[in-house]
Amino acid sequence: MKRNYLFLTVAALLVFGMALSACSSAATEAPAAEESAAMEEAAPMEEAASTCSDYVLVPKNLGNPYFDTADTGAQEAAGELGITVLYQGPATADATEQITLLNSLIAQNVCGLAISADDSDALVPTGKAAMEAGIPVVTFDSAIAPDGRNFHVNQAVAQDIGAIQIQMASELAGEAGGQIAVLSATSTAPNQNTWIEVMKEELTKDEYANLELVEVVYGDDDDTKSYNEAQALFTKYPDLKVIISPTTVGVAATARAVTDAGLIGQVFVTGLGTPNQMREYVKNGASPEFALWNPGDLGYLSVYAMHALATGEITGAVGDTFSAGKLGDYTIEDDPDLGLNVLLGLPFIYNADNIDDFDW
Amino acid sequence: MSEYILELKDISKSFSGVEVLHNVSFTLRPGEVHALLGENGAGKSTMVKVITGFHQPDNGEILLDGQPVQFSDTRESRQAGIAAIYQELSLFPDLDVAENIFVGRHPITTGGRIDWRKLYAEAGKLLDSLGVQLDLRQKARNLSIAQQQIVEIARAFSINARILIMDEPTSSLTLNEVADLFHLVRSLRDKGTAIIFISHRLEELFELADRVTVLRDGFWVDSCMLKDVTRDDLIRMMVGRTISNQFPKLDVCAGEVVLKVEHLCREGVFEDINFELRCGEILGMAGLVGAGRTNVARAIFGVEPATSGSIILADEAVTITSPQQAIKLGLAYVPEDRQHHGLITPMQITSNISLPTLNRYANHGWLQGKKERKASFEAARQMEVRANHVQQLARELSGGNQQKVVLAKWLSTNPRILILDEPTRGIDVGTKAAVHALMSKLAAQGMAILMISSELPEILGMSDRVLVMREGHVTGHFYRNEATQENIITAATQDVRAGSCQ
Amino acid sequence: MKAENSQELKPETLIAEKAEHYSLSTLFKHWEWMLVGLIIAVVLVNTNLSPYFLNANNLSRTSSDFMEIGLMMLPMVFIIVTGNIDLSVASNMGMSASFMGLLHNMGVNIWVAALAGLLLGTLGGVLNGYLVGRVKLPALVVTLGTYAFFRGLAYGFLGDQAARNYPPEFTYFGQGKVFGTLVPFSVALFAVLAILFGLVLHKTTFGRYLYAIGNNENAAIYSGVPVSKIKFRIYVLSGFISALAGLILAARFGSTRPDNGTGLELSVITAAVLGGLDINGGKGTMYGAALSLLLIGLLKFGMGLMNIQSQVQSMVVGLLLIISILLPHFVSQISSIRKDRIRWKSILAIVAVVLVFAAFFAFFFWSRAAVIASV
Amino acid sequence: MNIQNTAGEAHKKATTKKTGFWMNLLRVREAGISLIILILVVLVSLRAPAFLTADNFMDILMNISILVIVSLAQTMVLITHGIDLSVSSIIGLVAMMVAFILKQYPGTPIFSAVLLGMALGTVLGSFNGLVITFGNVPPIIATLGSQSIFRGLVFYYSQGTWINSFELPANFKLLSKGTPLGLPNLVIFAVVIAVLVYFFLKYTRTGRDIYAVGSNPDAAQFAGIRTHRVKLLVYMLSGLLSGFAAVLWASRFESAQTNTALGFELQTVTASVIGGVSTSGGAGTVPGVLLGALLLGIIQNSLTLVRISAFWQMAAQGLLILIAVISDKYILERVEKIKK
């Protein structure tokens with residue numbers, strides 16, 4: 001028993017040590033020391049890397065239709081550019097997992113990363129490491145803090161998103177105005193929090209004086225939780241007029257909660273949603289209108305941006321301009337809050353008149 | 001039709017390469033009580049489990065009514081009319097007494113649901129016929145070991161089997177209960193039930209059994225009519241040699257008082273316990289099971305501290321709240337339940353022996369393996385533990401050897417006061433004598449011993465003085481010369497006044 | 001075994017002081033060797049499949065991803081050896097880091113804040129330890145409660161805020177490397193602590209007590225082992241190390257959010273169990289646990305390099321967990337089956353089971369194919 | 001068993017001695033948790049009048065119905081000294097498969113969809129059962145493993161696509177929400193299942209075998225109980241009920257997502273454990289679990305109502321669980337003392 005212990009420890013250390021030393025020598029003097037088959041294979045691969053063609057689109061998590069749509073757009077762009085775009089993400093929207101995944105992507109020396117960050121700050125060191133390894137990093141949907149990326153592909157200016165939602169809420173609440181509430185995703189999601197800040201600012205304007213924001217609740221982008229939170233809002237605020245849910249999961253769950261509770265016409269839901277999820281509620285009146293950009297376009301633009309960086313077409317400085325296929329030309333701008341970014345465009349309002357034109 | 005209701009032919013069984021039964025043959029006639037005898041580890045329990053289908057034999061044949069049978073589990077053997085009380089208690093702690101008796105065979109109403117009313121009624125009837133009073137709705141968890149054993153017996157009887165196997169059914173029972181049990185066994189036998197009876201108490205066998213089969217080290221030694229053999233013959237067959245004296249008690253002159261217990265009380269369990277223990281003395285504690293003897297011992301040892309009263313150790317009043325403290329004060333306690341309280345069976349013999357004294361073999365908390373091993377080897381050797389080496393796991397040992405390990409463990413703490421709770425319960429004759437000899441020797445060396453035992457011969461044979469308890473009170477106190485079976489039983493069954501702790 | 005078989009055995013047969021020797025075959029039966037074998041296999045396979053696997057920079061970067069799990073696993077091994085469990089480790093980690101982040105945001109010196117975080121985490125351990133050790137509530141129940149409580153406190157502290165801009169002296173603990181080498185600081189810390197914890201578990205009275213409690217708590221109490229004190233201590237230790245892991249995570253991320261590390265407790269337990277620890281207590285070794293952490297790390301890294309999706313990765317670890325226990329049992333079962341005892345009934349049962357699962361997967365793929373065709 | 005015992009005793013004693021009635025009521029294992037619920041209800045309704053309305057209670061009942069169904073399954077597993085951590089993944093997988101089928105074949109009768117869900121759940125549960133019984137893998141390990149395996153299958157099956165409300169037939173959505181009997185179907189399902197499980201555990205031999213196996217597995221084998229079969233059965237039942245819950249889940253939330261029911265397993269364990277189910281096997285009752293789930297539901301509901309900040313809610317929830325468990329133990333100890 002005891003003797004085993006020593007023996008095993010030594011064995012374990014040996015294995016680990018061997019692995020480390022074998023590769024540290026490989027890293028420093030790889031071409032000279034062609035000891036293993038692996039090293040021989042490594043050489044041609046590295047050559048291939050110079051004519052790079054593997055890009056990766058990293059969503060917050062897999063199995064999320066929003067990002068799947070972004071991937072569809074990304075693949076379209078990839079086809080046009082003649083490159084490969086892999087779609088790799090963590091199983092759950094969790095920064096720890098996303099970092100582990102990114103580390104294995106960095107290790108492969110991919111040509112470029114387009115990331116939707118699970119945590120804007122926690123990913124900074126990883127983003128830096130990628131850039132140090134010569135891999136361009138653009139973020140989309142949810143940004144890494146400026147230090148950890150080249151630039152951000154912004155779906156819409158926070159200002160626009162916040163403003164448009166308050167505008168919709170105001171329309172739905174009608175002349176008299178009334179109480180409104182916000183049902184957000186996780187309390188730590190950076191984009192959500194920025195938008196909510198903007199909404200609060202917007203509400204201070206005179207034209208919205210008749211709207212009262214009673215509470216911000218969090219559904220964690222979890223359908224059940226969002227549904228329950230929405231229910232709790234009805235109970236708590238019997239006079240509630242509008243719930244704004246700036247997240248696709250939350251807005252659908254809230255609209256369903258309104259439908260189930262028989263509150264259609266009494267409580268309106270708006271926010272950011274996807275046509276397929278919201279179609280039913282737009283039609284039954286639970287959520288007459290909602291907004292969103294087209295995530296497909298977002299993915300499309302991200303791939304063009306990443307490709308432009310990787311090929312040296314742009315360096316990622318303010319004022320750099322690149323062309324993004326069907327979407328036209330884009331210029332990198334600097335924003336005091338957001339840092340370097342390119343802007344996709346204005347958010348789009350979906351309602352009963354146009355919703356059947358979309359299928360995603 | 002065969003003469004035998006059950007016949008075992010050349011049964012062999014091994015576990016992980018070690019053969020526990022070697023070509024054992026055995027026959028059982030209807031209407032006889034057949035005693036199965038052998039030291040622990042001789043293979044009796046394994047044989048019982050082979051008969052009931054809990055284990056399957058590697059070789060050989062089992063004939064029931066002359067027909068070969070193969071049981072793949074105990075359900076099949078029970079359907080064939082075989083019931084068994086196993087040596088390890090097999091109750092369900094979370095179920096109540098009545099349900100424990102009928103588990104797996106609950107009476108069912110015509111509608112197909114369990115008939116709880118009938119279940120309680122039948123359980124009550126059964127316990128009445130055994131002459132015991134038990135709360136039918138009490139959880140088995142809260143029963144004493146003896147009460148548990150009674151429930152086991154009731155369960156076996158409730159099956160109305162053709163073959164009833166009883167593996168040490170009496171190890172925790174008092175004389176009265178044993179008498180009631182024997183009465184029942186005889187009436188079953190007279191109705192034609194075949195009974196296999198296993199016990200270490202030879203007197204019982206002579207009283208009850210017709211035939212005897214002796215096993216040794218997994219080998220069949222002999223089968224014969226009991227009236228043809230003597231007690232010494234049986235012992236010789238079992239151990240392969242003669243044991244001269246079962247109770248080698250030396251007369252010693254008791255020294256000064258080392259332990260004095262005054263008005264000790266634990267609410268609802270025992271009250272107003274007073275006694276003193278002198279060095280060099282063996283104080284026997286007799287009484288029916290459930291009289292509170294074990295609780296007194298546990299209170300003194302700090303496992304379940306007393307709620308009032310005082311314990312005085314060598315003229316110094318102490319409050320003992322934990323076993324650690326008790327050990328430091330020079331107390332040692334060999335508990336009655338070896339498997340659950342005495343030993344850590346999945347650990348090595350060494351680790352078991354050194355556990356209470358582990359700090360002795362440590363330098364600032366770092367264990368010195370060699371020192372520890374050496375010390376436990378010495379302790380185990382003095383106790384004549386039979387094992388290959390001290391790094392063997394305790395669970396691989398026979399019951400008697402396990403008890404020796406427990407003793408070695410506690411003696412290595414160099415206690416001034418040794419509390420033995422049923423020190424020879426469920427161990428074989430050879431070891432039993434060895435334990436008694438050891439007690440005698442220790443007392444002669446000046447150790448004070450408090451011995452709790454339900455075996456009257458042991459109490460009478462080993463004690464300098466005897467305390468008798470009844471329902472949480474001390475009801476009798478006798479010196480060696482005045483202690484007799486009669487006055488102990490009288491004291492153990494007399495009425496006590498109710499009172500409460502101060 | 002020799003003594004048992006010998007016929008002339010007398011009761012006074014003496015015992016040997018030591019086992020004579022371990023044969024090589026019994027040595028190799030140990031689970032730890034299986035792990036070593038698996039690790040070697042994983043290294044070889046990955047080296048062949050991916051040129052990026054044996055690369056010091058890559059290994060160095062990826063190794064720090066597993067250090068929080070590793071750190072929390074160390075006291076978890078103690079706890080599991082005693083037959084208990086601590087589900088609150090990851091929540092405690094989040095709580096401590098968030099508390100530190102809160103203080104940092106308030107302008108408190110980072111080291112003071114870190115110390116306060118450690119203190120709070122330790123207090124969390126004290127709460128667990130008190131409830132498990134003194135009040136004697138079941139560990140699973142207690143830590144299920146504190147699992148929610150601690151995570152809730154983390155949210156309470158930081159809400160939707162993040163703590164960021166930690167000074168580089170602090171982020172060194174998560175991102176820095178030991179001077180002059182490629183070994184990340186957190187890996188070095190883990191290695192030192194792992195050796196320390198291993199020595200404590202296997203070479204001290206404390207460690208022996210842990211095994212005694214795990215194998216038979218009652219007997220340990222009767223033998224004078226201070227059971228409740230020891231339980232209290234290991235939970236306090238677990239709280240402290242979880243807090244430490246929280247700080248390391250914060251340093252690695254350069255920031256703190258209250259949801260950091262959600263769900264890691266299951267990874268911690270998985271690593272410990274894959275290392276051969278018996279969830280019921282009393283069995284297992286620290287080196288087994290450390291090896292399994294290494295195995296999981298290398299396996300996940302290798303799969304990541306091959307762009308195997310994360311869900312598949314966790315499926316593989318899940319399968320490994322089951323198979324690691326299933327396989328040895330099956331091998332011994334199959335070898336002990338006697339041909340003459342095989343009944344047609346059991347064969348029928350096996351066939352039925354196989355058919356049911358076949359039907360399930362037939363349905364699984366059939367329905368899915370229809371769906372994909374429609375998309 | 002508990003109820004049988006305590007209720008029976010309470011009855012016996014109450015007839016003999018009138019004053020002892022309340023003391024005896026306290027002996028009932030569920031008394032402690034009922035008391036806690038009562039106190040909580042009083043406190044919350046003082047702060048938030050909206051709490052004590054029929055609508056709100058209907059919400060609470062709707063919200064805990066699925067929890068009750070799965071917790072009862074979990075309870076049976078816990079009684080055998082097992083644990084099923086894979087219920088959440090079973091729900092996720094079955095909900096996804098059933099929803100896909102319904103999307104594909106909208107004409108599928110609802111009854112068949114329910115049956116399909118239960119069948120799929122049973123198969124998944126039997127995987128756990130087989131691994132645990134014949135593979136000799138500890139339940140916590142086996143189901144921890146199958147949790148990730150089943151969840152992986154969800155991703156593989158759906159390829160990331162979600163089933164949305166508009167893709168599900170309307171009558172399917174009504175399965176959980178319709179109120180033909182005055183109460184929402186979901187609540188009725190939960191009540192029916194609770195009654196069935198209660199009857200099963202108390203009035204059938206197999207039900208009693210579950211207690212016996214959890215209480216002392218060796219003894220159960222001695223007593224001729226086929227422990228393997230009993231254990232296999234509880235995991236299959238756990239799968240079956242989870243499968244049923246999955247169908248209800250998809251119906252109530254009108255969707256199937258890759259992360260459906262993620263983390264739900266801990267809630268079911270919590271509800272069972274608060275309801276007095278012993279994690280070391282052998283003990284647990286249906287009324288206890290119902291109360292446990294109710295307590296959880298009330299805690300969740302009331303925290304929002306008394307306007308505790310969203311950020312502190314989880315902490316308060318954890319704290320309340322701890323308090324419930326501690327005070328329960330304290331009450332039990334008092335009761336034990338009174339008994340003696």
Side-chain angles (χ1 to χ4, degrees), chain A residues 59 61-69 71 87 89 91-93 183-184 187-188 214-238 248-249 252-253 255-257 259-262 273-284 286 355, chain D residues 48 50-51 53 55-60 62-63 66-67 92 96 148 151-152 154-168 170 173-174 176-177 184 249-250 252-264 267 297 300-307 309-311 313-314:
Chain A
N61 63 326
L62 289 178
N64 184 333
Y66 172 83
F67 290 110
D68 288 359
T69 310
D71 182 43
Y87 181 59
T92 53
L183 196 152
S184 172
S187 56
T188 56
V214 287
E215 191 167 358
V216 178
V217 295
Y218 299 89
D220 288 351
D221 261 352
D222 175 274
D223 188 73
T224 320
K225 178 123 198 275
S226 307
Y227 185 92
N228 292 342
E229 288 292 338
Q231 261 188 354
L233 283 175
F234 308 152
T235 320
K236 219 158 128 184
Y237 306 104
T248 56
V249 179
R256 196 175 70 250
T259 310
D260 288 354
T274 68
N276 269 354
Q277 279 180 297
M278 295 302 291
R279 193 178 316 276
E280 186 176 356
Y281 309 114
V282 168
K283 290 184 176 169
N284 75 11
I355 189 141
Chain D
F51 179 73
T53 58
D55 274 359
N56 190 45
F57 262 87
M58 199 46 64
D59 279 349
I60 295 180
M62 278 288 273
N63 285 341
I66 293 181
L67 178 65
M96 184 60 81
S148 25
R151 185 61 68 181
V154 182
F155 280 97
Y156 182 72
Y157 189 84
S158 72
Q159 295 288 310
T161 326
W162 292 358
I163 305 293
N164 297 307
S165 178
F166 77 96
E167 292 165 300
L168 293 171
K173 292 182 222 167
L174 274 181
S176 57
K177 293 169 204 165
W249 192 296
R252 170 157 160 76
F253 297 110
E254 296 178 6
S255 63
Q257 308 173 350
T258 43
N259 60 356
T260 291
L262 203 67
F264 193 61
Q267 278 188 52
Q300 242 158 22
N301 178 278
S302 57
L303 285 178
T304 319
L305 283 186
V306 299
R307 306 194 179 196
S309 144
F311 296 118
Q313 273 186 24
M314 197 175 173

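Here is the naming used below: chain letters follow the sequence lines, and residue numbers restart at 1 for every chain.
Of the atoms belonging to D/S165, heavy atoms from both backbone and side chain fall under 4.5 Å from chain A. Proximity to chain D (any heavy atom under 4.5 Å) is shown, for A/Y87, by neither the backbone nor the side chain. In this structure, the portion of A/D221 lying under 4.5 Å from any heavy atom of chain D is its backbone and not its side chain. Interface remark: D/R252 contributes backbone and side-chain atoms alike to the contact with chain A (heavy atom separation under 4.5 Å). Within the 4.5 angstrom heavy-atom criterion, no atom of D/N301 approaches chain A. For D/T260, no part lies under 4.5 angstrom from a heavy atom of chain A. For D/F155, the part sitting under 4.5 Å from any heavy atom of chain A is the side chain, from C-beta outward, and nothing else. With a 4.5 Å cut-off on non-hydrogen atoms, A/F234 does not touch chain D at all.
Of all the heavy atoms in D/M62 and D/S176, the pair that sits closest is CE-O, 4.4 Å. Across all their heavy atoms, D/S255 and A/D223 have their closest contact at OG-OD2, 3.9 Å.
Interface remark: of the candidates D/K173, D/E254, D/K177, D/E254 forms the most heavy-atom pairs closer than 4.5 Å to chain A.
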Just do the side-chain contact (heavy atoms from CB on, under 4.5 Å) check on A/Y66 and A/V249 with the steps written out, would you?
CA-CA 10 Å; A/Y66 172 83; A/V249 179; over 6 Å; no
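For the pair D/F166/A/K283, no side-chain contact is recorded, criterion being any heavy-atom separation below 4.5 Å from C-beta on. Looking at heavy atoms from C-beta onward, A/S226 lies in side-chain contact with A/L183 at the 4.5 angstrom threshold.
At distances below 3.5 Å, at least one donor-acceptor pair connects side-chain atoms of D/E167 with backbone N or O atoms of D/N164.
Atom CG of D/N63 is separated from atom CD of A/Q231 by 4.5 Å, given to the nearest 0.5 angstrom.
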